[in-house]
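Along the sequence shown, residues are numbered consecutively beginning with 1.
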Amino acid sequence: MRIEIRDAVPDDWPAIWPFFHRIVAAGETFTFPTDLGPEDGRDWWLLKAPNRTVVAVDEAGTVLGSAKMNSNQAGNGAHIASAGYMVDPARGGRGVGRALVEHTLEWARAAGFRAMQFNAVAETNRHAVRLYEDLGFRIVGTVPGAFHHPTRGYTGLHIMYKAL
């Protein structure tokens with residue numbers, strides 16, 4: 001399957017919303033409020049420049065997943081990038097997540113960031129942790145009990161880092 005990654009446009013939101021809502025409402029991976037409605041969700045996900053949101057699409061133009069990328073902090077911390085990823089669960093296991101992470105790393109390098117940091121990777125999200133580690137990220141710390149998983153209770157949030 002060929003995956004194209006392009007900038008998200010407002011007209012992509014109706015295709016993103018169903019899997020965004022499913023993932024966020026499940027409460028298993030993101031620290032977003034689980035009751036976000038479509039308008040608030042759009043505001044959380046579709047970032048404005050200089051930040052960026054992209055979609056991964058197949059040959060037919062079907063949205064398979066999305067990523068948002070931004071500066072991790074402002075001011076004196078603005079040289080470190082961050083990103084978030086969502087893949088439609090019905091489209092998982094096809095390399096979409098890897099393609100999105102690789103794309104955000106390329107974006108961060110081209111934009112002059114010195115590193116990428118993820119502030120809150122649920123330690124129970126083993127698939128994501130494994131992918132990030134495969135791509136050179138390392139866990140630099142874990143905040144114990146910082147994530148309230150809906151079935152596993154209080155678990156850790158990893159802080160993951162990759163120099164660029």
Side-chain angles (χ1 to χ4, degrees), residues 1 3-5 8 15-36 41 44-47 51-58 63-74 77-164:
M1 172 176 67
I3 299 169
E4 175 190 349
I5 299 176
I16 298 169
W17 168 248
F19 64 83
F20 176 97
H21 177 64
R22 179 176 170 191
I23 291 166
V24 170
E28 296 177 347
T29 54
F30 279 84
T31 58
F32 295 177
T34 57
D35 61 350
L36 282 176
W44 280 64
W45 197 256
L46 295 182
L47 304 180
N51 302 312
R52 188 168 175 232
T53 302
V54 296
V55 290
V57 298
D58 65 12
V63 174
L64 309 170
S66 183
K68 67 181 185 87
M69 55 207 95
N70 50 273
S71 175
N72 189 46
Q73 300 293 330
H79 58 283
I80 306 296
S82 193
Y85 313 94
M86 288 194 189
V87 175
D88 181 344
R91 313 263 192 233
R94 302 178 189 177
V96 177
R98 178 176 292 271
L100 286 166
V101 177
E102 289 172 345
H103 182 86
T104 62
L105 289 168
E106 291 169 13
W107 168 82
R109 281 187 195 97
F113 288 98
R114 296 177 48 99
M116 186 170 281
Q117 177 179 319
F118 303 142
N119 300 322
V121 180
E123 69 181 350
T124 54
N125 191 354
R126 296 188 193 284
H127 180 76
V129 171
R130 188 174 333 116
L131 172 61
Y132 302 153
E133 288 178 330
D134 285 350
L135 292 172
F137 286 84
R138 60 188 174 91
I139 297 168
V140 296
T142 302
V143 182
F147 187 74
H148 189 209
H149 191 281
T151 60
R152 298 183 185 176
Y154 291 97
T155 64
L157 279 177
H158 294 318
I159 301 164
M160 299 189 75
Y161 173 88
K162 176 182 174 67
L164 300 174

Carefully, step by step, assess Met116 and Phe137 under the rule side-chain contact (heavy atoms from CB on, under 4.5 Å). CA-CA 8 Å; Met116 186 170 281; Phe137 286 84; 3.9 Å; yes
Closest approach of [X] and [Y], non-hydrogen atoms and distance?
X	Y	result
Ile80	Phe113	C-CD2, 3.5 Å
Pro33	Val24	O-CG1, 3.2 Å
Pro150	Ala26	CG-O, 3.3 Å
Ala78	Ser71	CA-OG, 3.2 Å
Ala108	Ala81	CB-CB, 3.8 Å

Tell me every residue that passes side-chain hydrogen bond (donor to acceptor under 3.5 Å, both in side chains) with Gln117, counting only those two or more places apart in sequence or in another chain.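 So Gln117 forms a side-chain hydrogen bond (donor to acceptor under 3.5 Å, both in side chains) with Asn119.
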Set of residues satisfying side-chain hydrogen bond (donor to acceptor under 3.5 Å, both in side chains) with respect to Asn51, sequence neighbours excluded: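 In terms of side-chain hydrogen bond (donor to acceptor under 3.5 Å, both in side chains), with neighbours along the sequence ignored, Asn51 is linked to no residue.
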So, taking the atom named [atom1] in [X] and the one named [atom2] in [Y], what distance separates them when rounded to the nearest 0.5 Å?
X	Y	atom1	atom2	answer
Asp88	Ile23	CG	CD1	7.0 Å
His149	Thr124	NE2	OG1	4.0 Å
Arg152	Phe147	CZ	CZ	10.5 Å
Gln73	His79	CD	NE2	10.0 Å
Met86	Lys68	CE	NZ	8.5 Å
Ile16	Trp45	CD1	CH2	8.5 Å

What do the steps show when you test Ile3 against Arg94 for side-chain contact (heavy atoms from CB on, under 4.5 Å), and what is the final call? CA-CA 9 Å; Ile3 299 169; Arg94 302 178 189 177; 5.6 Å; no
Decide yes or no on side-chain contact (heavy atoms from CB on, under 4.5 Å) for Val87 and Phe19, but give the supporting numbers first. CA-CA 7 Å; Val87 175; Phe19 64 83; over 6 Å; no
Are any of the side-chain heavy atoms of [X] and [Y] separated by less than 4.5 Å?
X	Y	answer
Leu100	Thr104	no
Arg91	Asp58	no
Arg98	Leu131	yes

Could you list the residues that satisfy side-chain contact (heavy atoms from CB on, under 4.5 Å) with Thr142, not counting sequence neighbours?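 So Thr142 forms a side-chain contact (heavy atoms from CB on, under 4.5 Å) with Glu123, Ile139, His158.
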State which residues pass ring pair (Phe, Tyr, Trp, His ring centres under 6.0 Å) with [X]; sequence neighbours excluded, sorted by chain then number.
X	answer
Phe30	Phe32
His148	Tyr154
His21	Trp17

Between the main-chain N or O of Ala8 and the side-chain N or O of Thr53, is there a donor-acceptor pair closer than 3.5 Å?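 Side chain of Thr53 to backbone of Ala8, a donor-acceptor pair under 3.5 Å: no, none is there.
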Plane angle bin for Phe118 and Tyr85 - parallel if under 30°, tilted between 30 and 60°, otherwise perpendicular: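 Perpendicular.
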Is it the case that atom CZ in Arg22 sees more than 12 heavy atoms from other parts of the structure closer than 6.0 Å?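 No, CZ of Arg22 has 12 or fewer neighbouring heavy atoms, counting only those of other groups under 6.0 Å.
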Kindly determine whether Leu135 and Glu102 satisfy side-chain contact (heavy atoms from CB on, under 4.5 Å), including the steps that lead there. CA-CA 8 Å; Leu135 292 172; Glu102 289 172 345; 3.8 Å; yes
